[in-house]
Visitor: 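Please see the structure below; I have some questions.
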Amino acid sequence: MAEFSIIDRYFKTQRPLSTAGTELGIGDDSAVVTPPHGHQLVICTDTLVAGRHFPLSTSAHAIGWKSVAVNLSDLAAMGATPHSILLALSLPEVDETWLSDFSQGLFDCCAPHQVQLIGGDTTQSPHLTISVTALGWIPQGQAITRQGAKVDDYIVVSGQIGDAAFALHHLGHSLQQRLDYPTPRCELGLQLRNFASSMIDLSDGLIQDLGHILQGSQVGAILNLEDLPIDSSLSHLPLPQQWQYALAGGDDYELCFTISPQKYAELSLKEIDVPLKIIGQIQASPRLELQYQGEIQHLDLHGYQHFA
Ligand code: ADP
Ligand code: MG
């Protein structure tokens, strides 16, 4: 099957969405989009390589979903409104069942956020590799970066952490849903504009990702391990094992943000449909201290690193 037939059959078939801002989508040399007045373009890209970013047994539908979700999660972490994606797909072979399921998974993740596939590239390569680029908007100057954390701010995470890492070691467990189908916290990201002082999405494990905020903001933190939102199906594990999953596991795609106690009180009045948990506080001393019931813990943990 030729490249153009693949594009026509599987990628030009998205259900109609509100196409506000898209002047030209798939079919020309480039897409053309118009940002809303007074907004900045927020743009990111993430690549998934088979066997590295997902187990080889992962369904095509889940791979499609996840390749979009990880990018929408990056936009959410800036407080941006997602708008559209581009897809660069490298396929070892043309398997029509696979392509059909993959594109369905991709569109299923796009649809609730009104995100449109506006272009891409399709090539043959020995390794299945999926690169998605996502575009979104933010009102001028309102992007939430890793650099704004202030002493005494709370450190807050959404949802649960450690689920995906646990599932990776227990394929077939019900938590595999969290590994295969992460939920990008787009709505929460928007709600945190003008509230969060800094934010990151959790892809490489809390310790490593929070470390980026601490470094970017030139501060330290205390984390209270008893407050980590860990799924009850991990509660039979020894605490250090639970902490390993929650702190260093990765693939959570939850938001981690800092917020002043006063702003947090205001935020609590808003209707937010994801559980939020305060897990620690920013401190001036440039260390990250882990405490369990008031006692400092020394754990040998680290997050995922390529080329390590
Ligand atoms: P060019 O050769 O000018 O780069 P292509 O032949 O690669 O253009 O692509 C033709 C059109 O199809 C372009 O609009 C491109 O963005 C789009 N496209 C190619 N592959 C994909 C894909 N996997 N998903 C979505 N759009 C795609
Ligand atoms: Mg061209």
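We count residues from 1, following the sequence as given. What you see is a predicted model; the values in this text were computed from it and never measured. Start at 1 and go down the list; that is how both ligands and their atoms are numbered. Worth knowing before you read on, the calculation uses all heavy atoms, side chains too, and leaves out hydrogens, waters and symmetry mates.
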Visitor: I need the atoms of ligand 1 closer than 4.0 Å to a non-hydrogen atom of L117, numbered in the order shown.
Guide: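 Answer for ligand 1: 24 (N), 25 (C).
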Visitor: Say whether I118, considering both its backbone and side-chain N or O atoms, lies within less than 3.5 Å of an N or O atom on ligand 1.
Guide: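 Checking ligand 1 against I118, no N or O pair falls under 3.5 Å apart.
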Visitor: Taking 4.0 Å as the limit for heavy-atom contacts, which would you say applies to D121 with ligand 1: side chain only, backbone only, both, or neither?
Guide: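 The answer is both, backbone and side chain.
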Visitor: Against heavy atoms of D28, which atoms of ligand 1 measure under 4.0 Å?
Guide: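 Counting atoms of ligand 1 from 1, those under 4.0 Å from D28 are 13 (C), 14 (O).
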Visitor: Counting only heavy atoms from other residues, nucleotides and ligands, does the tally under 6.0 Å from CD of Q262 exceed 12?
Guide: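 Atom CD in Q262 is not packed in, count stays at 12 or less.
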Visitor: Are D231 and Y245 close enough that some pair of their side-chain heavy atoms sits under 4.5 Å apart?
Guide: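 The answer is no, as the side chains (C-beta and beyond) never meet within the 4.5 Å cut-off.
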Visitor: As an exercise, identify every atom of ligand 1 less than 4.0 angstrom from a heavy atom of I26.
Guide: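 In order of number, 12 (O), 14 (O), 17 (C), 25 (C), 26 (N).
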Visitor: Taking the non-hydrogen atoms of F4, is any one of them nearer than 4.0 angstrom to ligand 1?
Guide: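 It does; at least one heavy atom falls under 4.0 Å.
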Visitor: Step through the shown structure and confirm whether more than 12 heavy atoms of other residues, nucleotides or ligands are within 6.0 Å of CD on E23.
Guide: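 Yes, enclosed.
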Visitor: State if K12 counts as touching ligand 1 under the rule of any non-hydrogen atom under 4.0 Å.
Guide: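 For ligand 1, residue contact (heavy atoms, under 4.0 Å) with K12 is absent.
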Visitor: Can L239 be reached from L237 by stepping across I, L, V, M, F, W or Y side chains whose heavy atoms are under 4.5 Å apart?
Guide: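 Same cluster.
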Visitor: Give the cluster check for W137 versus L117: same hydrophobic cluster or not, with ILVMFWY residues linked at side-chain heavy-atom distances below 4.5 Å.
Guide: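 No, it is not one cluster - the side chains of W137 and L117 are not joined through contacts under 4.5 Å.
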Visitor: Show me the donor-acceptor pairs, under 3.5 Å and distance only, between side chains in residues 77-90 and residues at least two apart or in other chains.
Guide:
residue : atom : partner : partner atom : Å
T81     : OG1  : R193    : NH2          : 3.0
H83     : NE2  : A20     : O            : 2.9
S90     : OG   : T123    : OG1          : 3.1

Visitor: Using a strict cut-off of 4.0 Å, indicate which atoms of ligand 1 neighbour a heavy atom of L87.
Guide: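 Once the distances to L87 are compared, the set is 22 (C), 23 (N), 24 (N).
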Visitor: Going by the atom numbers of ligand 1, which of them fall below 4.0 Å from some non-hydrogen atom of G27?
Guide: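 Those of ligand 1 that fall under 4.0 Å from G27 are 11 (C), 13 (C), 14 (O).
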Visitor: What do you reckon, is NE2 of H127 surrounded by more than 12 foreign heavy atoms closer than 6.0 Å?
Guide: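 Not buried by this count: 12 neighbours or fewer within 6.0 Å.
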